[in-house]
Novice: 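Below you'll find the structure I mean.
Quantities reported herein were computed from a predicted structural model and do not represent experimental measurements. Every heavy atom of this structure was used, including side-chain atoms; hydrogens, water molecules and symmetry mates were not.
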Amino acid sequence: MIRPAALAIPLLALAISTWLFLTVALGHLPLADWPSLPFDSTRMTIEQVILAYAILPRAVVAILAGAALGLAGALLQRLLRNPIADPSTLGVSSGAQLAIVTATLFFPSILDGYRALVALVGAAIATAIVFLLGWRRGLEPVTMVVSGMLVGITCSALAAAMTLSQGEYLMSLVTWNGGSLSQQDWSTSLTLGIELLLGMVITVLLVRPLTLLGLGDTSARSLGITLGSMRIAIASLAVALSAGVAAAVGLVSFIGLAAPALVRLLGIRTARGILLLSPLAGGLLLWLCDGIVQLLASSAGETFPTGSVTALIGGPLLLWLLPQVRTAELPQPLDSTVIRSASFPRLIVLLSLLPLLAWAALVIARLPGGWMLLRGDLFWELFPARWPRMVASASAGGLLAMAGAMLQRLTANPMASPEVLGVSGGAGVGFALAVSVFANPGTPELFLGAGCGAIIVLFGVSLFANRRDLPPERLLLAGISISAFSSAILSALLAVGDQRSWQILAWLGGSAAATPGTAIFLAVLTAIVLTAGLFFTRWLTILPLGSATSLALGMPLAKARTLMVITAGIATAAASLLVGPLSFVGLMAPHIAQRAGFERADSRLVASVLIGATLMVIADLGARTVTFPYELPLGLFAAFAGAPYLIWMLGKRP
């Protein structure tokens, strides 16, 4: 039953949306001059054509796209019994994005008439991977969201790398990725209207099975529901709706998450009510966001894709919904196999392996004539350009691995890392602010901005977790929420298209140039951070035992956490200046160290640093040679290996 007091929220949103639309439309053309139906462009002025074929269809597209996403989100949430499921958090939209970008760059002819099909194929493949990963754990919410995040980041990394390699398509794809609702005719409105109508008809037919699914698998099966085929049908409908929107207007994030949440906020609890009202809520929400975007564009002169603005609601909304997420006990680390403790000789092996790989990175080259080993004058000619990047890459890998190892001990969460807990995203926002505030920012200013952003996020996540008494699995989701919010801010800044956009885009790809000064700075900082980490060995050994045990053993808990948060934040900020927000080295290296048998806190830290440095040296070599003559950004190449590795490990766990 709808709460009367809550009705003020949608009514106020409708009033504001209508006012924003009329402000834009009447500001362009007085009501008395509006063209009458049916529209005939041959008899219209330029202003009337713009109103009839740009402003009006844009409002309709916003409502229809929002409605489709709201319905898709409601279907996924009901199917998975997960209040934070939507096309954004489950990787559906990212799969569609990758397919569209791939077709645009390499098979543009396919898009003529088949754009929606291309998006559907990409979204379906990504969704299938996420469901396969979550199936073994009964589609448990945390597993599904983590799987969706990893699949989504992999797709986004591939799409970004391909976009960066084709400069002529760069800004058009960046704008599309932001979810632009700009229109030139009514064709998109017609397509979305047909798709939404079909989706609503099918949803009405599925209301009863969806209601029974909410009772649990056992009850639904006893009442005659074929779980497998029904889940496939519902998921297919949600994916088709999401892919249709992605093909029509690009990526519009978190409307599918917000719309059902707003409906539940009104007091609606039945499956029928949520499914039928979520499209209305989604359409109203996207229309409101688009009205705000157009108002800002007319007053401030800055044009943002509407999708980048809707993404701003994702982080706060996810944090608000976290207490509603049902969770199973988080499994032990992905690499929970019991392995005997590694001995000192294994550290020596790791330490000796790194110089060999560093030498290989310096001498192996791929030139127009093919693969070769550099020697003689050619080696020394290229050496000044190669050694700074190699040293900086190794140092950045060590810093991220150190931060990951600390955060996993600090949070007692085997999935914690700078990338997953939102620390890298916070560093990115700090980096973007430094670019915006300082006229010509150098390394010190960028490091200061990134460091402050990383540390603020770490403190924010820690305080949120402590106040809510969040268990490790929900702490992970809190980090994902902050990452989504940070990404939305960066996407909005990217869409502006000025000099800041290019600097931020270069950082997102991890393509920052490494100078001798940068390399030396990162190497020295790695040594300092590792030394500090070894001083924290006792604290890192006690912290996983829990707060009560730590206090009983005389540990200064607040001081210890503060010092380690600052250390991890500084390490993440410094490394992110070179490799960007995506690498997963901070998550992979500690897991690999544990699988190698490094169980003690001190040996785990040292081994993680060495493994992280090794992984990033390999990534540096691959980024320079695999796609010759093009050079891939370092951070994105590391993510190519990192995210699939983590997906594979996630699929292996019981």
Novice: Not counting sequence neighbours, which residues clear side-chain contact (heavy atoms from CB on, under 4.5 Å) with Ala240? List them please.
Specialist: Leu120

Novice: From Leu79 CG over to Ile234 CD1, what is the distance, rounded to the nearest 0.5 angstrom?
Specialist: 5.0 Å

Novice: Could you check if a side-chain atom of Pro279 sits within less than 4.5 angstrom of a side-chain atom of Leu71, using non-hydrogen atoms only?
Specialist: yes

Novice: Decide side-chain contact (heavy atoms from CB on, under 4.5 Å) for Val130 and Thr127; before the verdict, give the C-alpha distance in whole Å, the side-chain angles of both, and the deciding distance to 0.1 Å.
Specialist: CA-CA 5 Å; Val130 173; Thr127 306; 5.6 Å; no

Novice: Using every non-hydrogen atom in the two residues, find where Ala259 and Ala281 come nearest and quote the distance to one decimal.
Specialist: O-CB, 3.8 Å

Novice: Measure the spacing between CZ of Arg81 and CG of Leu76 and express it to the nearest 0.5 Å.
Specialist: 14.0 Å

Novice: Check whether any side-chain heavy atom of Gln594 sits under 4.5 Å from a side-chain heavy atom of Gln408, and report yes or no.
Specialist: no

Novice: Kindly indicate, with the supporting measurements, whether the criterion side-chain contact (heavy atoms from CB on, under 4.5 Å) is fulfilled by Leu284 and Leu280.
Specialist: CA-CA 6 Å; Leu284 179 59; Leu280 296 177; over 6 Å; no

Novice: For the OH atom on Tyr114, are there more than 12 heavy atoms of other groups (residues, nucleotides or ligands in this structure) within a distance under 6.0 Å?
Specialist: no

Novice: How close do Gly91 and Ala126 get, heavy atom to heavy atom, and via which atoms?
Specialist: O-CB, 3.5 Å

Novice: Roughly how far, to the nearest 0.5 Å, is the CD1 atom of Ile100 from the CZ atom of Arg115?
Specialist: 4.5 Å

Novice: Quick one: are Pro83 and Arg264 in side-chain contact, heavy atoms under 4.5 Å?
Specialist: yes

Novice: If you measure from CD1 on Ile232 to CZ on Phe131, what distance do you get to the nearest 0.5 Å?
Specialist: 10.0 Å

Novice: If you define the side chain from C-beta out and look only at heavy atoms, does anything of Ile63 sit under 4.5 Å from Val60?
Specialist: no

Novice: Can you confirm whether Leu407 sits close enough to Pro418 that some side-chain heavy atom of one is under 4.5 Å from a side-chain heavy atom of the other?
Specialist: yes

Novice: Are the side chains of Gln183 and Val249 in contact, using a 4.5 Å heavy-atom criterion?
Specialist: yes

Novice: Using a 3.5 Å cut-off and no angle test, enumerate the donor-acceptor pairs between side-chain atoms of residues 189-208 and protein atoms at least two apart in sequence or in another chain.
Specialist:
from: Thr191; atom 1: OG1; to: Ser187; atom 2: O; distance (Å): 3.1
from: Thr203; atom 1: OG1; to: Gly199; atom 2: O; distance (Å): 2.7

Novice: Ignoring hydrogens and angles, write down the donor-acceptor pairs under 3.5 Å from the side chains of residues 11-18, residues two or more places apart or on other chains.
Specialist:
from: Ser17; atom 1: OG; to: Ala13; atom 2: O; distance (Å): 2.8
from: Thr18; atom 1: OG1; to: Leu14; atom 2: O; distance (Å): 2.8

Novice: Going by salt bridge (charged side-chain N to carboxylate O under 4.0 Å, His left out), name the residues that satisfy it together with Asp290, two or more places apart in sequence or in a different chain.
Specialist: Arg58

Novice: Listed by chain and number, what are the side-chain contact (heavy atoms from CB on, under 4.5 Å) partners of Leu56, not counting sequence neighbours?
Specialist: Phe21, Phe39, Leu51, Trp186

Novice: Considering residues at least two apart in sequence or located in another chain, which fulfil the side-chain contact (heavy atoms from CB on, under 4.5 Å) criterion with Ala123?
Specialist: Val92, Ala96, Val239, Ala243

Novice: Can you check whether Leu75 reaches Leu275 side chain to side chain, under 4.5 Å on heavy atoms?
Specialist: yes

Novice: Can you name the nearest heavy-atom pair linking Gly256 to Gln77, along with the distance?
Specialist: O-NE2, 3.4 Å

Novice: How close do Ala72 and Ala238 get, counting heavy atoms only, and between which atoms?
Specialist: CB-O, 3.7 Å

Novice: Quick one: closest heavy-atom pair of Ala68 and Val245, and the distance?
Specialist: CB-CG2, 3.7 Å

Novice: Quick one: CG on Asp86 to CZ on Phe254, what's the gap to the nearest 0.5 Å?
Specialist: 6.5 Å

Novice: Only counting residues at least two apart or in another chain, list the ones meeting side-chain contact (heavy atoms from CB on, under 4.5 Å) with Ala103.
Specialist: Leu111, Val118

Novice: Do you know which two heavy atoms are closest between Ala271 and Thr211, and how far apart they sit?
Specialist: CB-OG1, 3.5 Å

Novice: Nearest 0.5 Å, what's the OG-CG distance between Ser242 and Leu90?
Specialist: 9.5 Å

Novice: Under the side-chain contact (heavy atoms from CB on, under 4.5 Å) criterion, do Thr104 and Val101 qualify, and how do the steps go?
Specialist: CA-CA 5 Å; Thr104 301; Val101 169; 5.6 Å; no

Novice: Counting C-beta onward and ignoring hydrogens, is there a side-chain heavy-atom pair between Leu257 and Ser88 closer than 4.5 Å?
Specialist: no

